[in-house]
Amino acid sequence: MKDMCCIDGFSPTSSSEIKAYFIKNLKPIIDDNRDIIFLCIGTDRSTGDSLGPLIGYKLKPIIPKNIYVYGSLESPIHATNILTILDKIKINFNNPYIVAIDAALGSVHNIGKIIIENKPLSPGAAFNKSLPPIGNMSIKGIVNISGCMDFTLLQNTRLYTVMTLADSISNGISLFCKLIKKSVSN
């Protein structure tokens, strides 16, 4: 398994790169008949933090068997409900593979980058939230710069950046899911 991948979300090949990473890293999970959960974290009340819910919204209609999506514009997952959602997942699934997706802040030259790592995500880290690390794999979309007023930066993030990253990530996941559907039906 490749530990980390950094993709330019503005590149026309970003979705294909995400698909290729998933084929290498998630296909063995599918082959083991293990459920995969895309846990899309964030809120629709802040432009910069809406990356996760937008991805969940885009993925809901296209997900095949053994792959699940939690978090969307309709039902966002955020700091106040994430522990309850994780408890529900524990009750309803036996050892699922969780891919946690969230917006992140970073340096100015990393805005628009998609970072995929084979390690848990630390949601709310920018705001010193004490939440547990989440997932087996993490996808972070760098939506804006990190600074002393992170909340204000998230509120003033360009929607174009968030939508471009949401499109790249959801399209990459969609391409992977189409491949999985095709291989299951053959």
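Small disclaimer: the values here were computed from a predicted structure and weren't measured.
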Hey, could you give me the [atom1]/[atom2] distance between [X] and [Y], rounded to the nearest 0.5 Å?
{"X": "Lys113", "Y": "Ser11", "atom1": "NZ", "atom2": "OG", "answer": "9.5 Å"}
{"X": "Asp32", "Y": "Asn66", "atom1": "CG", "atom2": "CG", "answer": "11.0 Å"}
{"X": "Leu26", "Y": "Ile67", "atom1": "CG", "atom2": "CD1", "answer": "7.5 Å"}
{"X": "Ile173", "Y": "Lys178", "atom1": "CD1", "atom2": "NZ", "answer": "13.0 Å"}
{"X": "Arg158", "Y": "Ile111", "atom1": "CZ", "atom2": "CD1", "answer": "10.5 Å"}
{"X": "Thr157", "Y": "Ile142", "atom1": "OG1", "atom2": "CD1", "answer": "11.5 Å"}

Through direct or indirect side-chain contacts below 4.5 angstrom among Ile, Leu, Val, Met, Phe, Trp and Tyr, which residues connect to Leu86? Ile37, Leu39, Ile41, Tyr68, Tyr70, Ile77, Ile82, Leu83, Ile85, Ile89, Phe93, Ile98, Leu121, Leu131, Ile134
Other members of the hydrophobic cluster containing Phe10, with the 4.5 Å side-chain heavy-atom rule, please.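 Hydrophobic cluster check, Phe10: joined to Tyr160.
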Hey, any chance Ile116 and Leu175 share a hydrophobic cluster, counting ILVMFWY side chains that come within less than 4.5 Å of each other, even indirectly?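 They do not share one cluster, since no chain of ILVMFWY contacts under 4.5 Å joins Ile116 to Leu175.
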Determine the minimum heavy-atom distance between [X] and [Y], stating which atoms define it.
{"X": "Pro53", "Y": "Ser50", "result": "CD-O, 3.3 Å"}
{"X": "Asp49", "Y": "Asp102", "result": "OD1-OD1, 3.6 Å"}
{"X": "Pro76", "Y": "Asp44", "result": "CG-OD1, 4.2 Å"}
{"X": "Val69", "Y": "Cys40", "result": "CG1-SG, 4.2 Å"}
{"X": "Ala103", "Y": "Gly48", "result": "CB-O, 3.1 Å"}

For Asp87, I'd like to know if atom CG has over 12 heavy atoms of other residues, nucleotides or ligands within 6.0 Å. yes
Taking atom types as modelled, is there a side-chain donor on Asn25 or Tyr97 under 3.5 Å from an acceptor on the other? no
If we count only N and O atoms by modelled type, under 3.5 Å, do the side chains of Asn171 and Ser174 hold a donor and an acceptor together?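 No, because no side-chain N or O of Asn171 sits under 3.5 Å from a partner of the opposite role on Ser174.
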Test your reading of the model: is there a side-chain donor-acceptor pair from [X] to the backbone of [Y], 3.5 Å cut-off?
{"X": "Ser75", "Y": "Ser72", "value": "no"}
{"X": "Ser15", "Y": "Ser168", "value": "yes"}
{"X": "Ser138", "Y": "Lys119", "value": "yes"}

Could you walk me through whether Asp167 and Lys58 pass salt bridge (charged side-chain N to carboxylate O under 4.0 Å, His left out), step by step? CA-CA 8 Å; Asp167 287 342; Lys58 290 170 175 282; 2.5 Å; yes
Quick one: does Phe38's side chain get under 4.5 Å of Met137's, heavy atoms only? no
Using a strict cut-off of less than 4.0 Å between a Lys/Arg side-chain nitrogen and an Asp/Glu carboxylate oxygen, indicate whether Glu74 and Lys60 qualify as a salt bridge.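 Salt bridge flag = no for Lys60 with Glu74.
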Under the criterion side-chain contact (heavy atoms from CB on, under 4.5 Å), I'd like the reasoning laid out for Ile139 against Ile115: C-alpha separation, chi angles, the key distance, then a yes or no. CA-CA 6 Å; Ile139 302 174; Ile115 299 167; over 6 Å; no
Under the side-chain contact (heavy atoms from CB on, under 4.5 Å) rule, what do Arg34 and Asn136 come out as? Steps first, then yes or no, please. CA-CA 13 Å; Arg34 194 168 168 197; Asn136 305 91; 4.1 Å; yes
CA sep, side-chain torsions, deciding dist, call: Tyr21, Asn118, side-chain contact (heavy atoms from CB on, under 4.5 Å): CA-CA 11 Å; Tyr21 186 86; Asn118 283 316; 3.1 Å; yes
Step-by-step side-chain contact (heavy atoms from CB on, under 4.5 Å) determination, Val143 to Leu165: CA-CA 8 Å; Val143 297; Leu165 292 173; 3.9 Å; yes
